[in-house]
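The structure appears right after this line, and notes come after that.
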Amino acid sequence: MLDRKFIVDQVAAVKKNCEDRGMSADVDRFVELDGLCRDKLNEVQELNRQANEVSKSIGKAKDDAEREARKEEGRQLREAKDAAQNEHDQMAAELLQIQRQIPNMAHPDAPIGKDDKANLVVAYGKTEVPKFDFKPLDHVELGEKLDLFDFPAGAKTTGQGFYFLRNEAVLLELALQRYALDILMAEGFTPTTTPDLARNDVLEGIGFNPRGNETQIYSINNTDLSLVATAEITLGGSLAGETLSDEQLPLKLCGISHCFRTEAGAAGRATRGLYRVHQFTKVEMFAFTLPEQSDAMLMHIRDLECRIFDGLGIPFRIVDTSTGDLGAPAYRKFDLEAWMPGRGDAGEYGEVTSTSNCTDYQARRLNIRYKKKGEKGTTFVHTLNGTAVALSRAIIAVMENYQQADGSILIPETLQPYMGRTKIG
RNA sequence: GGAUGGGUGGCCGAGUGGUCGAAGGCAGCGGUCUUGAAAACCGCCGUACCGCAAGGUACCGGGGGUUCGAAUCCCUCCCCAUCCGCCA
């Protein structure tokens, strides 16, 4: 969420930003209530001060009569304070509710537009889109021929949108993970495996909403836990409530987790095969930085995503996400879209990674701060996240781009050492 | 699941009704000394909020209660650790 003072000081900018992002929040009400709430806080504090004074004077009372009189005075002051406090708390709760609905400010260079049609292609990867002298298959058909997936079994045991990987698809998934991990470790990311469940308040701190009809989140009955939609949730939450030293930053982590998404409302939208599934595995990057480091860190993470896909020899483009398509916590977001020859009539780009600079939006909700050596006070850190490899979609990209006329699939050179073979089929 | 022990400032750790925002230590900052550094010694040193400031208010896991007054007493919830049982 945004800083209270910032909202009040920059009402016009905050409202414009809500509009650009197609989100609604009652900013005017927030500003009005903020003033009232502050006045009430002052009243509470004044009553408290008086009550404290009375309390202190009781020990010094010269006789019982005066002591009793002072006690009574104290009682009344506390009562008045409690009443004022209640009013204040009510206003504060409403304020927080509005404050949480206000999205992060967007980067001034982020394209303005109401949905993904306004996204801007800003660059392409090193690999050319492949030209086939045969009709390329999609990953579902390839997988069927090579016995790499079992969708019916996934549907039977669990439901539509679940799947089994089989044979070389398993090796490919593991190889991709290890390939990405090696690149990230060399760049100073601490490799971690993370819980696949997280507390709901952590989900909310990161910006997910675990409840409601529209939720993308599976929750565990009779607990306050949900299945994570990404390791971003647990990696970001891992430092909730902590105050770091500025010397620790930037802090770079990568985490491997399963990701669970209900995909509510997404039925029928490009759902074939592995593209949109309810469970997949992902290697995620996460960084905690000083405010002045986050712009550069976003580019660093973006570069790593490019390196990973360039290294795989997969064609892709980079998209600068428009304001209307940014999630509430994101200040700026870049997606990598890989070329998928089997998609659509003659191939299409499909999103494979996404990296966001969330500035201090998540940190403020999760209360993650840093302290500068020798300086007074604390400041919220900036948080960033980015996909290293979403395995389900990376598998699609590898299979479809590396398919051969005979239906076999070559393994990208960089993966061969991890895979222990050069082709499938 | 059972049994115990715990949750206090950046960290460790005292503190069982007022004079406690909290001893002591570590870390940090400033200084003395030193050619410089280390050591030693002296001083400063929690966070958030309100306020131009002076200053004030709150915070000792969360919530509630007792009291004029709670880190301290009571209730309740949460979390953590260790051991036992079960188990990959």
Side-chain angles (χ1 to χ4, degrees), chain A residues 1-9 30-96 98-100 193-205 210 219-220 222-226 234 237-249 251 256-258 288 290 360 363-381:
Chain A
M1 61 196 171
L2 295 178
D3 178 54
R4 204 207 80 236
K5 275 192 191 131
F6 178 85
I7 298 169
V8 174
D9 290 346
F30 184 91
V31 174
E32 181 203 353
L33 205 56
D34 181 68
L36 294 174
C37 188
R38 246 200 337 274
D39 292 345
K40 193 52 81 175
L41 179 63
N42 283 326
E43 190 186 326
V44 170
Q45 292 188 348
E46 176 56 21
L47 286 166
N48 245 327
R49 195 190 60 73
Q50 292 175 16
N52 286 342
E53 214 167 76
V54 168
S55 289
K56 278 184 198 150
S57 75
I58 285 175
K60 299 177 200 128
K62 54 180 184 300
D63 55 43
D64 276 1
E66 186 187 333
R67 196 178 339 267
E68 285 312 312
R70 303 245 88 185
K71 282 189 184 184
E72 181 52 31
E73 195 183 340
R75 257 190 292 269
Q76 283 176 9
L77 282 166
R78 296 282 172 191
E79 244 170 66
K81 181 227 117 189
D82 284 345
Q85 181 87 56
N86 273 337
E87 288 180 59
H88 167 271
D89 290 352
Q90 237 165 29
M91 287 192 268
E94 193 186 334
L95 274 169
L96 184 64
I98 300 172
Q99 192 178 4
R100 285 174 148 280
T193 60
T194 58
D196 285 342
L197 283 85
R199 294 183 203 290
N200 289 332
D201 53 357
V202 173
L203 289 258
E204 282 166 15
S219 52
I220 307 293
N222 302 322
T223 72
D224 67 340
L225 294 173
S226 295
T234 41
S238 67
L239 292 181
E242 300 202 18
T243 304
L244 311 168
S245 131
D246 62 331
E247 291 167 331
Q248 291 173 265
L249 301 171
L251 204 60
I256 304 177
S257 81
H258 293 118
F288 300 90
L290 298 174
D360 60 4
R364 186 170 289 107
R365 288 176 166 220
L366 292 166
N367 192 23
I368 308 174
R369 306 151 181 274
Y370 73 92
K371 190 173 170 59
K372 215 167 201 149
K373 245 186 162 172
E375 279 187 18
K376 240 183 134 47
T378 56
T379 315
F380 291 111
V381 301

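Below, chain A is the first sequence line, B the second, and so on; all start at residue 1. Side chains included, hydrogens not; waters and symmetry mates left out as well; all remaining heavy atoms used. Because the structure is predicted, anything quoted here is derived from the model rather than measured.
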- Can you tell if the side chain of A:Arg78 reaches within under 4.5 Å of the side chain of A:Ser55, non-hydrogen atoms only?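 With C-beta onward as the side chain, the pair touches.
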- Item | Charged N-O contact under 4.0 Å between A:Asp34 and A:Arg38 |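 Yes, A:Asp34 and A:Arg38 are salt-bridged.
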Considering only the [atom1] atoms, how many Å lie between [N] and [M], rounded to the nearest integer?
{"N": "B:G31", "M": "B:A14", "atom1": "P", "answer": "35 Å"}
{"N": "B:G10", "M": "B:U47", "atom1": "P", "answer": "7 Å"}
{"N": "B:G46", "M": "B:C12", "atom1": "C1'", "answer": "15 Å"}
{"N": "B:U67", "M": "B:G17", "atom1": "C1'", "answer": "9 Å"}
{"N": "B:U57", "M": "B:G51", "atom1": "C1'", "answer": "11 Å"}
{"N": "B:A88", "M": "B:A3", "atom1": "P", "answer": "25 Å"}
{"N": "B:G7", "M": "B:G13", "atom1": "P", "answer": "9 Å"}

- Message: What contact category does A:Lys5 fall into here, base, sugar-phosphate, or nothing, at under 4.0 angstrom with non-hydrogen atoms?
- Response: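 If one applies the 4.0 Å heavy-atom cut-off, A:Lys5 turns out to touch the sugar-phosphate alone, with no base involved.
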- Query: Taking for each residue the nucleotide of RNA chain B bearing the nearest heavy atom, is the 5' side occupied by A:Gly74 or by A:Glu53?
  - Reply: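 Its nearest nucleotide being more 5', the pick is A:Glu53.
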- Item | Candidate pair A:Thr243 and A:Arg369, rule side-chain hydrogen bond (donor to acceptor under 3.5 Å, both in side chains), full reasoning | CA-CA 5 Å; A:Thr243 304; A:Arg369 306 151 181 274; 5.1 Å; no
- Could you check which of B:C49, B:C68, B:G10 has an atom nearest any side-chain atom of A:Thr243?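 It is B:G10.
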